Amino acid sequence: MRTFKGVHSGRRHVNGIRRHIGSVIITFLLIAFLLLLDSLIFKIIDYAIHQSISTTHDSTEIENTGAGRLDNVTSSVQMYERLLNLASISLAEKEITHESSKYWEESSPHLSRWKPCSGTKMSKGFRREKVKNNTGFIVVSANGGLNQQRVAVCNAVAVASLLNASLVIPKFLYSNVWNDPSQFGDLYQEDHFMNSLIDDVDIVKELPHKFQSLDMEAIGSLVTDADLSKEAKPEEYIRNILPILLRNRVVHFLGFANRLGFDPLSSELQRLRCKCNFHALKFVPKIQEVASLLIRRIRKNSTSRSALNEQLLGNFQPTLPSKENNKVHSKYLALHLRFEVDMVAYSMCEFGGGEHERRELQAYREAHFPLLIERVKKSKATSPSELREMGKCPLTPEEAALFLAGLGFSRDTYIYLAGSHIYRGKSHMHPLTSLYPNIVSKEDLLSQSELAPFMNFSSQLAALDFIACATADVFAITDSGSQLSSLVSGLRTYYGGGAAPTLTPNKKRLASILSRNKTIKWGNFEEKIRKMTEESQRVRIRAFGRSIYRQPRCKDCMCKLQ
Ligand SMILES: *[C@@H]1O[C@H](CO)[C@@H](O)[C@H](O)[C@H]1NC(C)=O
Ligand SMILES: *[C@@H]1O[C@H](CO)[C@@H](O)[C@H](O)[C@H]1NC(C)=O
Ligand SMILES: *[C@@H]1O[C@H](CO)[C@@H](O)[C@H](O)[C@H]1NC(C)=O
Ligand SMILES: *[C@@H]1O[C@H](CO)[C@@H](O)[C@H](O)[C@H]1NC(C)=O
Ligand SMILES: *[C@@H]1O[C@H](CO)[C@@H](O)[C@H](O)[C@H]1NC(C)=O
Ligand SMILES: *[C@@H]1O[C@H](CO)[C@@H](O)[C@H](O)[C@H]1NC(C)=O
């Protein structure tokens, strides 16, 4: 039904309409009517949505994130008024023709041939050898939020195996940024973790007593991120860490995140990392239970059983649908916007909010990123428009809306929004909510009392978003550098059986498409967005040096059936 595209771009394709003449004529008249009244309709829709978000989306306001005082901003911030109008017309047409986006499905039939296959065990003899040769204990204190910690844990498992050491269940450091005292056992099932890896690595809950009182720093066993290269090679561990371990029988990695490179690494360790991430880390029942409730509400009680649900929700999978529920399979798209004040301020970009916004972001930088300010002072600053051209600016909710509209997602698409502290919530969200009114977040779907047990634990809250994104029919991300987006998309690749697409815009190409916002025809815009997305979706085997957590399609992690 791409026929209708021609209507604004020159009425060329009218001949293509043959079937359903009656409905086509009606449609045609309606479109003409819409074209005449488009701006009026846009304003009406706008107004209606404005009313509804002002009541339901208070939780997306940034005011309560410690960002300092922000003025009341009720107007909508827009950078692409013309494109938004075109998008709105296009979505209205699709509503009439009931056209559904083809991006609900993954594009390549080859994908379903890749199966999870890192759950297997290391040979018993090998492990026994390693244990006999035990070199000591590894203690890890991981920093960062939920997702960075997950990476740290699995890297630690691989390092323990590499050094033939026993791993003490990792500790999570408390930081003011994340404000979350949760420990491993508050997020993940400890026994499951230990049992899944029992044939691979020796894992203990506590450091043996005799080591507990040691001053790690004084004996030279404290290893910080400064002591290891980023993405270090295994040899670096053998050379620098093993001697400490052999001397003191204990090493403490403080703030251990991406300190183990992806290549080169033995197949054995690669597989182990993958097994840790995809098999050994299961959320605790407290999280699974509420996540299951959340997903049931997103899906309006219709459920679909899948390997992803099983992996993430364990015993709390929604019960198999009754016949009656089965009829309406409620699809949803999860969108991970990264438009929090930190991201926005740090980027040094501009987002259409004018002088006021510029001053506000500068003040935020001065308060929170003194090092950045220093650096900018010393070097010649790149201008905001150059940064945008280079694809270095976080996507605004408006850009995300245009991305989805360009892919043909209809106006009634049910969108789950992850991570909802949007900078200047209402005004930046407005273009998105006006195109896509069915947007919900966990705060909308769970009651205060259901959320209460998680309220002071940002990692546990993030786990709910993690699960809701992973089990979505489609996952759309706006920042491929985000740890959550990356881990969730890997999980969808691993367990999705080729039916769990992730949509990733290429920010640089998107910026180039959007730079033509004043002139580009809608049909051309759609075509460019589609091409960009399909290129990023093309089936890839993990490339050298790339994260196995994000791209598990490789021989050490997944198996390809012929
Ligand atoms: C912002 O709005 C609230 C209520 O909506 C009002 O109490 C407050 O005074 C306003 N602040 C500013 C700076 O206008
Ligand atoms: C670990 O144990 C294996 C098996 O005994 C041995 O081949 C390897 O050299 C050991 N590595 C270290 C770092 O001790
Ligand atoms: C322990 O590891 C060393 C190398 O680090 C190796 O030479 C030795 O054979 C191993 N011992 C056992 C019992 O595996
Ligand atoms: C879903 O089920 C619950 C209880 O089983 C019911 O209260 C609720 O109204 C249902 N929701 C929908 C949208 O059908
Ligand atoms: C969260 O912490 C605040 C203070 O930091 C406290 O007042 C509140 O009761 C806590 N809420 C829950 C649900 O524990
Ligand atoms: C929108 O188009 C105008 C005119 O071509 C251009 O100057 C502007 O940079 C574009 N906006 C963005 C954000 O790319």
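Treat the numbers as computed from the prediction; the structure is a model and nothing was measured. Indexing begins at 1, ligand by ligand and atom by atom, following the structure's order.
Geometrically, K442 does not engage F454 in a cation-pi contact defined by less than 6.0 Å to the ring centre and at most 45° from the axis.
Between F339 and F351, the distance separating the two ring centers is shorter than 6.0 angstrom.
Summary of contacts: the protein heavy atom closest to atom 9 (O) of ligand 6 is N517 ND2, 4.7 Å.
Atom 14 (O) of ligand 6 is flagged as protein-proximal [any protein heavy atom, distance under 4.0 Å]. When distances from atom 5 (O) of ligand 6 to the protein are checked, a heavy atom turns up under 4.0 Å.
Shown in contact with Y80 at under 4.0 Å from a heavy atom are these atoms of ligand 6, numbered in order with element: 12 (C), 13 (C). Near N133, meaning under 4.0 Å from one of its heavy atoms, ligand 2 places the atoms 5 (O). Short contacts between ligand 6 and R388, defined as distances under 4.0 Å to a heavy atom of the residue, involve ligand atoms 13 (C). Within the listing of ligand 6, atoms 13 (C) sit less than 4.0 angstrom from a heavy atom of M79. Per-residue contacts place L242 under 4.0 angstrom from the following atoms of ligand 2 (heavy atoms of the residue considered): 13 (C).
Side-chain contact check for N164 and T135: no donor-acceptor pair (N or O, by modelled atom type) lies under 3.5 Å. Judged by distance alone, the side chains of E534 and Y103 do bring a donor and an acceptor atom under 3.5 Å apart. Between the side chains of S441 and E443, a donor-acceptor pair is found at a separation under 3.5 Å.
A salt bridge links R271 and D200; the closest N-O separation between the charged side-chain nitrogens and carboxylate oxygens is under 4.0 Å.
Ring geometry for F466 against F283 counts as perpendicular: the plane angle is over 60°, on a 0 to 90° scale with 30° as the lower cut.
Contacts between L162 and ligand 2 below 4.0 angstrom, taking non-hydrogen atoms only, involve the backbone exclusively.
An N or O contact shorter than 3.5 Å is missing between K300 and ligand 4 by distance. The shortest N or O to N or O distance between R516 and ligand 6 is not below 3.5 Å. Not a single N or O atom of T135, backbone or side chain, sits closer than 3.5 Å to an N or O atom of ligand 2.
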